[in-house]
Amino acid sequence: MGIQDMELLAIGVVVILFMAVLKQFGILEPISSFEDSSDSDLEMSTVRHQPEGLDQLQAQTKFTRKELQSLYRGFKNECPSGLVDEETFKSIYSQFFPQGDASTYAHFLFNAFDLDRNGSIRFEDFVIGLSVLLRGSVTEKLNWAFNLYDINKDGCITKEEMLAIMKSIYDMMGRYTYPCVRDEAPSEHVDKFFQKMDRNRDGVVTIEEFIETCQKDENIMNSMQLFENVI
Amino acid sequence: MAAGVAAWLPFARAAAIGWMPVANLPMPVAPTEKNKKQDELIVLNVSGRRFQTWKNTLDRYPDTLLGSSEKEFFYNEETKEYFFDRDPDVFRSVLNFYRTGKLHYPRYECILSYDEELAFFGIVPEIIGDCCYEEYKDRKRENAERLMDDQEDNKDSKLPNMTFRETMWRAFENPQTSTMALVFYYVTGFFIAVSVMTNVVETVPCGSVPNQKEVPCGERYTVAFFCMDTACVMIFTVEYLMRLYAAPNRYRFMRSVMSIIDVVAILPYYIGLVMTDNEDVSGAFVTLRVFRVFRIFKFSRHSQGLRILGYTLKSCASELGFLLFSLTMAIIIFATVMFYAEKGSSSSKFTSIPASFWYTIVTMTTLGYGDMVPKTIAGKIFGSICSLSGVLVIALPVPVIVSNFSRIYHQNQRADKRRAQKKARLARIRLTKTESSSAFLHSKRNGLFNESSTKEEQHLGKSSSLLESQHHHLLHCLEKTTVRDLKIVIHVLAIVVQAPSLFFFFAVVVLQINTIRLCSSPFILTRVCNKLSHLDIRMTQG
């Protein structure tokens, strides 16, 4: 490098430093206007929800007043803002199944509970869902289960939907089971399910087929009564 | 599973209906919930402050006191509440743990009292939340260090039957223990100073022999300096050998820093003795003399500040390493830039990049000798940037080192202060203890006069508290069982504590009384007891 180039380089360095100092003092504000985004991260979400009154909930569900009170206390403890979003829901549900991955099944459950599909479960959705599961008639429970399996809510369960549900249930078991969970186990299970449920062999299970088959099966009927006295 | 999540268990069980239709096997039987009653409020009365919570909240942690049936021991039937005679402020944190599942440590609370409360309520401190865990651990560590310091002081007061070797080692480590040790300490200190001074003065030019240039004092008064050196090295050698003999673990002592410094300090002399007349290695011999300056490090046994400095530098090794690394990087960068900037100018001193290192170091540390200066404009600009960045780079790690030094220094100051306070405190505590123990002896003395009169004893029983009278009765029973008397020994101990100079006199008295006691002659016993107790009263009042 000749002398001239080094001089130019030196002058260039000086100019850059000068601009850096000016920016520091805020004199070059217009150029650096994209810095504001960092402040918005600190804002807390102030979305809150208060449930409907106790009387209305009592009318909508089959719980007694005391049961609703105790349910709300537990709900509010975990979710002080009154709303459960999917992440919180997944983390709460995963704590009951530490050995496997419960997030996919929790996702399906979330969609089943979130009746108005707005991405968060309010206390009303929660309590209505529980009311069906614990105090509803067998038909209502079967309806609810069908709703859970029907991922896209189009009124019929396809093999792909069932496979997704089955895989998520097997995921909850985790890796360390006896005997080992093979990769084909979910699909075999789905095939067995479809063989039982799909009467007219059209590849999908409709709600009538589902309810009819379940009502004929002893085991399923007995297990529907299993969690009656949970609350 | 976190506590709050337990409230969602019913929900999780209800949602299990989703598995039922696809299940191949029948489901297991559900556990029956016997006598399921509604959730009830529990009142916890902690030293008068009433806390109320649901029973379910407490049941979340069944392995603690409040969550298990252990709390039934504290149930008060009349007020239908659980009464705990503990600190209500700490109880707040404990109860919040049940409510939220997270245990917090309040900063203003003393760590020991907090630990005690946790231990009482059966809560493991490890579950303190992340927000407070660091603070808790720091306080715990400080407390443990303080305890260790105190324990080290206690170790000093060992029993008098130690071997000669052990006494010597103790004398070396703690010069305050005996006068001999103190004398030794000062003597070695003096000789270290003398030796260092000799080394310094040796090189001073000391008047000139007429037709020669000035000679240093060392060459003029060779014999004197040699004698001085020999004397010092003798003392150091003797000291080192004595320490080596007294050390409880010789191998570990030989590896310690201080002993290495001692060896390095005296070795040059002996090596010099061995190879005096060999011309070839005289150069190496001169180099060896440099090591004599290590004698100054022997002062670190005498100066606590020096030890702290050394310890600080050791503990700040990473900061010092960072300083060195960043300085090296900056030096290389700026030396390169300056070299190329000054390459064009004629008669430039920047002949190579390593030659520019010197300029960069001198500039970055703001020394600025001026033996190398840039002449081109580019060189001057980069030179000024170099000096500015030098100030920054050096100033950055220095506060970390300073704060480390300050922390360790103040820790030491506090340790010394605690030691001094402890002596006074223990003396006062001992005084109150002997006063309370002599209560028994006072009452007994009065009882001794009228042993047969039960009225006196009843009167005494009323004047002191129930606890005291029961305690005295117990001591009395012990005396009767062993057919001995507690009185004399306690007296002697009390007096010994308060007036060491009378120890010998009373030791003799004890010997005599022991023989008398074995003969169990109550009359002389009484007389001597009276005399001693009179003396005791005088001492406690005086």
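Excluded from the calculations below are hydrogen atoms, water molecules and symmetry mates; all remaining heavy atoms, backbone and side chain alike, are included. Proteins get letters first, then strands, A, B, ... in listed order; numbering begins at 1 in each.
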Please find the pair of heavy atoms, one from A/Tyr105 and one from B/Gly18, that lie closest to each other, and give the distance. OH-CA, 3.5 Å
Name the member of A/Lys192, A/Met162, A/Met166 that forms the most heavy-atom pairs with chain B at distances under 4.5 Å. A/Lys192
Side chains of A/Val14 and B/Ile381: closer than 4.5 Å at any heavy-atom pair? yes
The criterion is side chain to side chain contact (heavy atoms under 4.5 Å, CB included); which residues satisfy it with B/Ile361, sequence neighbours excluded? B/Ile331
Applying salt bridge (charged side-chain N to carboxylate O under 4.0 Å, His left out), name anything that partners B/Glu135, two or more places apart in sequence or on another chain. B/Arg107, B/Arg139
In terms of the angle between their ring planes, are A/Phe126 and B/Phe11 parallel, tilted or perpendicular, with boundaries placed at 30° and 60°? tilted
Is the count of non-hydrogen atoms from other residues, nucleotides or ligands lying under 6.0 Å from B/Asp130 atom CG greater than 12? no
Residue B/Trp358 excluded, over 12 heavy atoms near CH2 under 6.0 Å: no
Would you say that more than 12 heavy atoms from the other residues, nucleotides or ligands in this model lie under 6.0 Å from the NZ of B/Lys375, or not? yes
Any idea which of A/Met197, A/Lys141, A/His189 has the most non-hydrogen atom pairs under 4.5 angstrom with chain B? A/His189
Between B/Pro21 and A/Met224, what is the shortest heavy-atom contact and its length? CG-CE, 4.1 Å
Tell me whether the count of non-hydrogen atoms from other residues, nucleotides or ligands lying under 6.0 Å of NZ in B/Lys343 goes above 12. no
Tell me, side chain or backbone of A/Ala10 under 4.5 Å from chain B's heavy atoms, or both, or neither? both
Residues, nucleotides or ligands: over 12 heavy atoms within 6.0 Å of A/Glu218 CD: no
Atom CD1 of A/Ile11 and atom CD1 of B/Ile377: how far apart are they, to the nearest 0.5 Å? 7.5 Å
Tell me whether the count of non-hydrogen atoms from other residues, nucleotides or ligands lying under 6.0 Å of CD in A/Gln24 goes above 12. no
Can you confirm whether more than 12 heavy atoms, excluding those of B/Leu367, are under 6.0 Å from its CG atom? yes
Does any heavy atom of chain B fall under 4.5 Å from the side chain of A/Met221, the backbone, both, or neither of them? neither
Residue A/Val132 versus chain B: region with a heavy atom under 4.5 Å: neither
Using heavy-atom distances under 4.5 Å, tell me whether A/Phe146 contacts chain B through its side chain, its backbone, both, or neither. neither
Which atoms form the tightest heavy-atom contact between A/Leu133 and B/Ala14, and what is the distance? CD1-O, 3.7 Å
Under 4.5 Å to a heavy atom of chain B? For A/Phe194 that would be neither
Heaviest contributor of heavy-atom pairs below 4.5 Å to chain B, chosen from A/Phe108, A/Tyr149, A/Phe193, is A/Tyr149
With a 4.5 angstrom heavy-atom cut-off, which part of A/Ile165 approaches chain B: side chain, backbone, both or neither? neither
Counting only heavy atoms not in B/Glu70 (residues, nucleotides, ligands), do more than 12 fall under 6.0 Å from its CD? yes
